[in-house]
*Asks:* 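One structure is given below, represented as structure tokens, and several questions about it will come after.
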Amino acid sequence: MNYRSNLEKVLSQGKFTVTAEIGPPKGSDPEKIRKKAEVLRGYADSFNITDNQTAVVRMSSIAGCTILLNMDMEPLMQITCRDRNRIALQSDVLGAAAIGIKNILCLTGDHQSFGNHPSAKGVYDIDSIQLIQILKNMRDNGIFQSGDEIISGRPEIFIGAAANPFADPYELRVDRLEKKVRAGADFIQTQSVFNVDKFNEWMDEVRSRGLDNKIHILAGITPLKSLKITERMKFHVPGVDIPEDIYKRMKTAVDPKKEGYGIALELINEIKQIKGVHGIHITALFWEESIPSLVKDSALLPRS
Ligand SMILES: Cc1cc2nc3c(=O)[nH]c(=O)nc-3n(C[C@H](O)[C@H](O)[C@H](O)COP(=O)(O)OP(=O)(O)OC[C@H]3O[C@@H](n4cnc5c(N)ncnc54)[C@H](O)[C@@H]3O)c2cc1C
């Protein structure tokens with residue numbers, strides 16, 4: 001079997017998979033990415049490079065991915081529809097494939113009004129679902145969105161998308177996932193999971209529609225480094241659901257860092273048992289150094 005990427009390979013082989021996020025710097029220094037990547041080497045199957053997350057300007061995802069490729073590490077390029085129209089998106093997909101990027105996560109993107117250029121024009125020519133469709137057509141049928149043929153080299157990309165099991169309106173959550181599956185996504189990375197009961201409800205519905213057999217689902221994990229980060233996520237990040245018991249544990253902990261690490265380990269162990277979940281996606285906000293021990297302590301990597 002020919003796999004497009006290492007990520008596709010480990011997921012297809014049924015191994016419980018780990019991806020980890022590397023946020024590019026607010027500057028052009030490549031060392032910032034190299035340093036984070038070196039800490040994570042060997043502790044994830046593929047590494048997400050974000051695309052101006054929270055709508056704050058950072059080094060481009062494609063540049064971050066190139067730095068990883070030069071380090072022989074597999075990147076997963078994130079791409080949002082917020083800042084590019086369909087011409088630029090398709091062009092970036094071709095460029096990414098040309099330099100050896102094999103995984104792309106298709107996102108609509110955080111709204112620009114929440115970022116550091118709130119008066120910026122949002123493009124939103126298409127949304128994440130249309131982008132998935134376009135990418136699949138480019139890859140499988142060799143055609144652009146216009147219907148024109150791709151002349152030399154289809155982009156051989158493993159196609160991903162995001163899902164938020166916790167955002168309102170709740171009734172539309174699985175519908176949105178189903179649309180992404182139908183559009184042609186191969187894998188899903190979810191928003192960070194803290195409320196396992198609610199995540200289980202979402203997964204019940206995912207399984208009842210048979211979606212877990214059509215797509216690989218990686219559950220989001222964020223180790224909470226401090227009470228400040230916990231409160232920022234609980235009260236200021238839309239679509240994040242930190243239940244009261246976890247908040248209380250972080251609030252009363254003598255050592256919040258140790259508590260946050262312990263909570264992340266517990267969440268990974270619970271999530272590992274959920275049928276239909278094929279891996280985890282770790283977004284360690286300002287705490288990338290916790291990832292190696294987290295995956296070792298939860299016996300995920302290195303694989304025996
Ligand atoms: C793993 C992961 C990585 C991310 N990386 C980035 C990044 O690099 N850069 C960045 O800018 N953002 C990033 N985000 C944030 C993400 O773009 C937002 O959380 C977004 O709101 C949801 O993901 P999406 O882009 O796939 O949106 P979509 O699923 O395409 O939805 C777009 C928005 O419209 C809302 N919506 C859709 N349909 C309906 C409906 N019928 N009724 C009401 N509301 C609806 C959704 O709730 C959502 O807010 C990431 C999120 C995740 C989970």
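Computed from a prediction, not measured in an experiment: that's the story for all the values here. Numbering of ligands and ligand atoms starts at 1, following listing order.
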*Asks:* So, do His111 and Tyr124 have ring centers that fall under 6.0 Å from each other?
*Replies:* yes
*Asks:* Are side-chain N/O atoms of Tyr247 and Glu231 paired as donor and acceptor at under 3.5 Å?
*Replies:*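 The criterion, which ignores hydrogens and geometry beyond distance, is satisfied for Glu231 and Tyr247.
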*Asks:* What does the contact table look like for ligand 1 (nitrogen or oxygen on each side, cut-off under 3.5 Å)?
*Replies:*
residue  : atom   : partner : partner atom : Å
ligand 1 : 5 (N)  : Gln78   : NE2          : 2.8
ligand 1 : 8 (O)  : Asp51   : N            : 2.8
ligand 1 : 8 (O)  : Gln78   : NE2          : 2.7
ligand 1 : 9 (N)  : Asp51   : O            : 2.9
ligand 1 : 11 (O) : Arg82   : NH1          : 2.8
ligand 1 : 11 (O) : Asp110  : N            : 2.9
ligand 1 : 12 (N) : Asp110  : N            : 3.3
ligand 1 : 12 (N) : Asp110  : OD2          : 3.1
ligand 1 : 17 (O) : Gly109  : N            : 3.2
ligand 1 : 17 (O) : Asp110  : N            : 3.4
ligand 1 : 25 (O) : Thr108  : N            : 2.7
ligand 1 : 25 (O) : Gly109  : N            : 3.0
ligand 1 : 26 (O) : Lys180  : NZ           : 3.0
ligand 1 : 29 (O) : Arg176  : NE           : 2.8
ligand 1 : 29 (O) : Lys180  : NZ           : 2.7
ligand 1 : 30 (O) : Thr108  : OG1          : 2.4
ligand 1 : 30 (O) : Ser128  : OG           : 2.5
ligand 1 : 30 (O) : Arg176  : NH2          : 2.8
ligand 1 : 31 (O) : Arg176  : NE           : 3.4
ligand 1 : 31 (O) : Arg176  : NH2          : 3.2
ligand 1 : 38 (N) : Arg176  : NH1          : 3.2
ligand 1 : 47 (O) : Arg173  : NH2          : 3.1

*Asks:* Not counting sequence neighbours, list each pair that qualifies as a side chain to side chain donor-acceptor pair (under 3.5 Å) and has a residue in residues 210-220.
*Replies:*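 Listed once each, the pairs are His216-His278.
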*Asks:* Please tabulate, for side-chain N and O atoms in residues 234-243, each donor-acceptor pair with protein atoms closer than 3.5 Å (sequence neighbours left out).
*Replies:*
residue : atom : partner : partner atom : Å
Lys234  : NZ   : Ile242  : O            : 2.8
Lys234  : NZ   : Glu244  : OE2          : 3.1
Asp241  : OD2  : Asn195  : ND2          : 3.0

*Asks:* Residues in salt bridge (Lys or Arg N to Asp or Glu O under 4.0 Å) with Lys32, at least two apart?
*Replies:*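 Checked Lys32 against salt bridge (Lys or Arg N to Asp or Glu O under 4.0 Å); zero matches.
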*Asks:* With the side chain counted from C-beta on, respond yes when Phe114 and Val56 share a heavy-atom pair under 4.5 Å apart, and no when they do not.
*Replies:*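 No, too far: nothing below the 4.5 Å cut-off.
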